[in-house]
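We number each residue from 1, following the sequence as shown. Hydrogens, waters and symmetry mates are skipped; everything else that's a heavy atom, side chains included, is used. Because the structure is a prediction, the values reported are computed rather than measured.
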Amino acid sequence: MAQDFTKDYKSQVTDSAHTLRIANSNDALIGIRLTNITTSAVTAEVWIDVGGADSTASNVYIAKDLQIPPKSSVELIQGGAKIVIQTGDQLRIESSAATSIAAYVSVVDAIS
């Protein structure tokens, strides 16, 4: 069965939590790249809100207080690794400074 590859992105992540993706099936995150687009160091947090429960008890962090140097990129999923998210799970991101990070996510939608 053919797989449906898709993407999600936010060109200017801010210092407020942003939802990059809400799973609508069994999805696999196959790449997450964060790029600091400023001339100052920033920190980033990326997490999965399991089931979209919106509570700290349901948050599973992929990166917490990750420091990204100026004009640098970080790849959070490497070496063929995958992270499965299921219906209702939310991939969320936040930066320490407004409009400081570009985020790009590669996804296999509706894995089977």
Nearest 0.5 angstrom please: Glu45 CD to Asp65 CG, how far?
5.0 Å

Is any side-chain heavy atom of Lys7 closer than 4.5 Å to a side-chain heavy atom of Val105?
no

Could you please spell out the steps behind the side-chain contact (heavy atoms from CB on, under 4.5 Å) verdict for Ile30 and Val107?
CA-CA 6 Å; Ile30 58 174; Val107 179; 5.9 Å; no

Rounded to the nearest 0.5 Å, the CG atom of Leu91 sits from the CD1 atom of Ile62 at a distance of 5.5 Å

Nearest 0.5 Å, please: how far is CZ in Arg33 from CD1 in Ile101?
13.5 Å

So Trp47 and Tyr61, would you call those rings parallel, tilted or perpendicular, with 30° and 60° as cut-offs?
tilted

Which of Thr38, Ile37, Thr43, Asn36 passes side chain to side chain contact (heavy atoms under 4.5 Å, CB included) with Ile68? Answer is Asn36

Compare all side-chain heavy atoms of Asp54 with those of Arg92 and state whether any distance is below 4.5 angstrom.
yes

Between atom OG of Ser106 and atom CD of Glu75, what is the distance when rounded to the nearest 0.5 Å?
7.5 Å

Is there a side-chain contact between Val46 and Leu76 in this structure, where contact means two heavy atoms from C-beta onward sitting under 4.5 Å apart?
yes

Provide the closest heavy-atom pair for Gln86 versus Asn26 in the form atom of the first, atom of the second, distance.
CG-OD1, 3.2 Å

Just wondering, do Leu20 and Lys10 contact through their side chains at under 4.5 Å, heavy atoms?
yes

For Lys64, I'd like to know if atom NZ has over 12 heavy atoms of other residues, nucleotides or ligands within 6.0 Å.
yes

Which pair of heavy atoms, one from Ser58 and one from Ala53, lies closest together, and at what distance?
OG-CB, 3.5 Å

Are Leu66 and Tyr9 connected, step by step, through hydrophobic side chains (Ile, Leu, Val, Met, Phe, Trp, Tyr) whose heavy atoms are closer than 4.5 Å?
no

Audit row: Arg21, Asp109, salt bridge (Lys or Arg N to Asp or Glu O under 4.0 Å) steps and yes/no
CA-CA 11 Å; Arg21 179 170 196 81; Asp109 190 27; 3.3 Å; yes

I need the Lys82 NZ to Ile77 CD1 distance, nearest 0.5 Å.
9.5 Å

Can you measure from CD1 (Ile85) to CD1 (Ile83) and round to the nearest 0.5 angstrom?
9.0 Å

Passes side-chain contact (heavy atoms from CB on, under 4.5 Å), Leu34 versus Tyr104? Steps please.
CA-CA 7 Å; Leu34 306 178; Tyr104 197 92; over 6 Å; no

Heavy-atom distance under 4.5 Å between the side chains of Asp89 and Asp27, does that happen here?
no

Residues Ala103 and Val13: closest non-hydrogen pair is CB-CG2, 4.0 Å

Is a side-chain donor-acceptor pair under 3.5 Å present for Ser100 with Ser95?
yes

Heavy-atom pair of closest approach, residues Ala41 and Pro70
N-CG, 3.7 Å

